[in-house]
Each structure stands twice: as C-alpha cells, then as structure tokens.
J.: 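Quick one: this structure, given as structure tokens, is what I'll be asking you about.
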Protein chains: 2
Amino acid sequence: MIVINDLNWVMSMSFYTADSLKAELHERGWRLTPQREVILNIFQNLAAGKHLSAEELCELLHTEGHDISLSTIYRTVKLMARMGILRELELAEDHKHYEINQPYHHHHHLICVKCNQTIEFKNESVLKIGDKTSKKEGYHLLDCQLTIHAVCPSCQRSIVSAN
Amino acid sequence: MIVINDLNWVMSMSFYTADSLKAELHERGWRLTPQREVILNIFQNLAAGKHLSAEELCELLHTEGHDISLSTIYRTVKLMARMGILRELELAEDHKHYEINQPYHHHHHLICVKCNQTIEFKNESVLKIGDKTSKKEGYHLLDCQLTIHAVCPSCQRSIVSAN
DNA sequence: ATTTTAAAAGAGAGTTATTCTCAATAAGAC
DNA sequence: GTCTTATTGAGAATAACTCTCTTTTAAAAT
Ligand SMILES: [Zn+2]
Ligand SMILES: [Zn+2]
Ligand SMILES: [Zn+2]
Ligand SMILES: [Zn+2]
C-alpha cells in the first residue's frame with residue numbers, strides 16, 4: 001500500500017482484490033458476482049488517468065468477451081462509488097465518468113467550459129482539506145475532487161453565439 | 001469589491017450591474033435582454049449559500065411576476081456559467097444548481113453520497129490552487145469547486161440494499 | 001450434496017433533466 | 001424608422017439513467 005502523509009483516509013484506500021471486495025460486500029449483506037469482479041478488474045487495470053462512462057465500460061467489456069447488461073453496469077458503478085471503490089466524475093458533459101479511487105491515481109480536473117477539454121493535475125493539499133473537513137463534521141470520507149472550470153487557450157480566441 | 005489575498009482572479013470577479021453585464025455581452029456580440037437582467041438580479045439578491053435549480057428559478061421568477069420560459073432559463077444560466085457570472089454546481093442529485101460566483105459567497109460542498117445532505121464550507125487555499133493551476137496551463141479561470149463525497153453520520157448507521 | 005432464500009442480473013419500459021427546432025419577437029446599429 | 005440577427009417561447013426530441021418484473025444464482029442452511 002502507498003502511504004501519502006499521515007492521512008488515515010489514504011490508509012483505508014487499499015488495492016481491491018476479489019477477496020477483499022467479497023469481504024466488504026458480505027459485511028453489508030451483499031454478494032460477490034462474476035459481473036462485479038470483472039468490472040472491478042477493468043478499473044484496476046485501467047491506465048492512470050483514464051476514466052470510463054457507463055457506455056464506454058459496456059463496450060470495453062464486450063470487446064473482452066464479457067456481455068454484462070447496461071442495467072448491471074449502471075448499478076455496479078453506482079454501488080462501487082458509494083462504497084468508495086470508484087470515483088464518480090462530473091466532467092462537464094452530459095454523463096458521468098468513473099475511475100478507480102486509489103492514492104496513486106488520485107488527481108483533479110481542469111475543464112474548459114466551452115470545449116470540455118480536460119487536463120488532470122495532482123495536488124496533495126486537497127486531500128488534507130477533504131480529510132480535515134469531513135472529520136470535523138463526522139462524515140466518513142470517500143473521495144474529494146477539486147474541479148476547476150475555465151476557458152482553454154484556444155477557446156479564449158474563438159467567439160461563438162450565445163445559443 | 002472584496003479582495004482576498006493577492007489573487008487576480010478574485011480581482012476580476014466584480015459585482016455585476018445591468019450595465020456591466022451589458023458591456024460584457026456586447027463584447028461578444030450578444031445582447032442584454034430584460035430576461036437576462038431579471039435573472040442576474042435574482043442571483044445577486046439571493047441569500048449567501050443559497051442555490052437554485054432551473055425549476056426553482058422558474059418558480060421564483062413566477063412568484064415575482066416574471067414569466068420567463070424554461071428554455072430561456074436553461075439557456076441563460078448556462079450562458080452565465082460560461083461567462084463566469086454563475087457557478088454550476090453538481091450536488092450529487094439528478095439536476096444542476098446555480099449560484100452567484102463572487103468571492104464573498106465562494107464556498108465548497110461536502111455531500112453525503114447516500115442521502116445527498118450537503119454541508120457548505122469555506123476554504124481559502126482552494127482558490128489559490130485553482131488560480132495557480134489554471135494560470136500554469138494558460139486557462140482563464142472561471143470557478144473552482146472542491147467537492148467532498150462522504151457518508152454522513154446518520155447514514156453510517158443505516159444499512160440499505162445494493163439495488 | 002441438496003434445498004432454500006433473497007440478492008442480483010437482464011430486458012425493456014419509463015422517467016425526466018436538458019437540449020433542439022423553428023417561427024415570432026425585439027435589441028441594437030445605422 | 002428600418003434592418004439585421006440574436007433571442008425568446010412553445011413544444012418536440014434526446015438521452016442518461018432508473019425502475020419494474022421475471023429469471024437466475026450466490027451463499028447460507030440443512
Ligand atoms: Zn481523471
Ligand atoms: Zn476549450
Ligand atoms: Zn453552495
Ligand atoms: Zn447521509
């Protein structure tokens with residue numbers, strides 16, 4: 001496990017195996033299914049900084065020979081986000097993206113509000129703020145994201161209509 | 001104008017009047033309409049920390065005697081968000097909220113992923129990180145939001161089904 | 001192993017926030 | 001006042017996501 005600073009949130013973000021996933025699911029009276037295991041594996045093996053929408057995940061699963069229904073995909077990513085295994089990202093588009101929630105991959109997003117081009121960046125102090133704030137309120141921290149809305153250099157030059 | 005630290009982003013976040021809005025619109029070849037002026041006024045006069053969805057804004061406008069169509073409302077808040085006048089918030093529900101984008105009101109959100117209860121908090125260093133990051137990439141900063149996803153104390157006690 | 005039970009998957013219908021289309025209107029330039 | 005074209009309003013269209021219900025199956029009980 002990778003430890004950054006002294007945040008015990010980071011300590012709890014372990015690398016998930018089928019067994020540890022199973023244990024966490026059972027803790028809540030839920031079950032480990034082949035679908036959940038496959039989806040977890042996809043996210044574990046995704047390149048750093050890569051995120052998937054539900055549709056993209058469905059296609060990727062299909063190319064790897066796993067036919068998991070869209071219903072199950074939507075349910076599973078939502079479930080894993082609520083467990084703190086995945087991060088649910090709002091990248092200023094009309095749909096959500098998901099990525100694994102682990103210290104090594106933890107980063108933030110700078111988004112152009114006009115063309116949606118996204119740049120990822122790391123910042124350690126964001127973690128500290130999130131940890132301190134949630135602790136203070138008695139919340140159990142799952143994820144914290146700094147999202148910067150801005151206009152990229154090329155969009156600063158272009159003028160488009162208001163509609 | 002309120003100045004926090006030495007961020008020139010904050011310097012550019014002025015209090016909008018009908019005239020300054022008109023000037024910024026004209027700069028881009030757009031027009032100041034009564035609808036846009038009324039909507040700006042609503043957000044200027046909103047209590048600190050209050051945010052509105054498109055539907056809520058529509059109702060509020062109606063009670064004040066302004067019948068502005070939902071189409072125009074959606075277009076206007078999106079426009080003002082892209083201009084940096086409003087902040088577009090994703091509060092983990094199925095719709096967006098908007099609030100004025102001014103230093104005095106600037107804050108962040110701690111959201112329970114289970115019940116969506118939201119706590120607002122302020123943090124000055126987030127502004128600095130957003131300013132530094134966007135500057136470095138040549139982006140023109142509009143807004144930066146720290147969103148913390150967590151489980152609130154009461155939801156930590158309840159166990160619900162996965163579906 | 002076999003049975004039992006309820007969680008989960010799959011299929012497809014349903015929901016709804018948001019966007020799109022287009023005719024009518026009006027802001028702003030001259 | 002006239003002209004140009006951005007904007008409005010009404011409603012249709014879109015599409016991400018959720019819900020419903022039947023079937024399947026994980027995993028506990030026997
Ligand atoms: Zn990312
Ligand atoms: Zn851009
Ligand atoms: Zn707020
Ligand atoms: Zn809660």
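In what follows, chains carry the letters A, B, and so on, assigned in the order in which the sequence lines appear, proteins first and then strands, with residues in each chain numbered from 1.
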J.: Nearest whole angstrom, please: distance from the P of dG10(C) to the CZ of R36(A).
T.: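 Computing the R36(A):CZ to dG10(C):P distance gives 11 Å.
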
J.: Can you check whether any acceptor in the base of dT5(D) is under 3.5 Å from a donor in the side chain of R31(B), or vice versa?
T.: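 Counting by modelled atom types and ignoring angles, a donor-acceptor contact under 3.5 Å is found here.
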
J.: In whole Å, what is the span from the CG atom of L61(A) to the C1' atom of dG10(C)?
T.: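 Taking CG of L61(A) and C1' of dG10(C), I get 15 Å after rounding.
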
J.: dC20(C) P sits how many Å from Y74(B) OH, rounded?
T.: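 Computing the Y74(B):OH to dC20(C):P distance gives 13 Å.
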
J.: Under 3.5 Å, is there any donor-acceptor pair linking the side chain of S71(A) to the base of dA9(C)?
T.: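 Checked by distance alone, the answer is no.
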
J.: Map K78(B) and P34(B) onto DNA chain C by nearest heavy atom, then report which one ends up closer to the 5' terminus.
T.: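 With K78(B) and P34(B) compared, the 5'-side residue is K78(B).
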
J.: When you measure from the side-chain N and O atoms of T72(A) to the phosphate of dA8(C), is any distance below 4.0 Å, counting only OP1 and OP2?
T.: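 No, no such contact exists.
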
J.: Does one side chain, of H108(B) or Q145(B), offer a donor that lies under 3.5 Å from an acceptor on the other?
T.: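 Looking only at side-chain atoms, Q145(B) and H108(B) do not form any donor-acceptor pair under 3.5 Å.
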
J.: Any side-chain donor paired with an acceptor under 3.5 Å for E99(A) and N101(A)?
T.: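 Judged by distance alone, the side chains do not pair up.
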
J.: Calculate the interatomic distance between K22(A) atom NZ and dA7(C) atom C1'; express it in whole Å.
T.: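 That distance rounds to 14 Å.
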
J.: Using a heavy-atom cut-off of 4.0 Å across all strands, would you classify I68(A) as base, sugar-phosphate, or nothing?
T.: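 Result for I68(A) = sugar-phosphate.
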
J.: Between C1' on dA9(C) and CH2 on W30(A), what's the gap in Å once rounded to a whole number?
T.: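 Distance, rounded to whole Å: 16 Å.
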
J.: Determine yes or no for a side-chain-to-main-chain donor-acceptor pair under 3.5 angstrom, with S20(A) supplying the side chain and T17(A) the backbone.
T.: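 Confirmed, S20(A) side chain pairs with T17(A) backbone.
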
J.: What nucleic acid atoms does L32(B) come within less than 4.0 Å of, heavy atoms only: base, sugar-phosphate, or nothing?
T.: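 Counting heavy atoms under 4.0 Å across all strands, the contact made by L32(B) is with sugar-phosphate only.
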
J.: Give a yes or no on whether H26(A) atom NE2 has more than 12 heavy-atom contacts from other residues, nucleotides or ligands under 6.0 Å away.
T.: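 Counting neighbours around NE2 of H26(A), more than 12 heavy atoms of other residues, nucleotides or ligands fall under 6.0 Å, so yes.
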
J.: Quick one: is dG28(C) close enough that its OP1 or OP2 comes under 4.0 Å of any side-chain N or O from H26(B)?
T.: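 For H26(B), the contact criterion (side-chain N or O under 4.0 Å from OP1 or OP2 of dG28(C)) is met.
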
J.: In whole angstrom, give the distance that lies between atom CG of D67(B) and atom P of dT25(C).
T.: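 Rounded to whole Å, this separation is 17 Å.
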
J.: Just by modelled atom types, is the R31(A) backbone N or O under 3.5 Å from a matching donor or acceptor in the R36(A) side chain?
T.: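 Indeed, once roles are kept as given, a pair shorter than 3.5 Å links the two residues.
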
J.: For Q35(A) and dT25(D), give me the distance from atom CD to atom C1', rounded to whole Å.
T.: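 For the pair Q35(A) CD and dT25(D) C1', the rounded distance is 10 Å.
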
J.: Once you round it to whole Å, what is the distance between C1' of dT5(D) and CG of L25(B)?
T.: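 Taking atom C1' of dT5(D) as the reference, CG of L25(B) is at 15 Å.
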
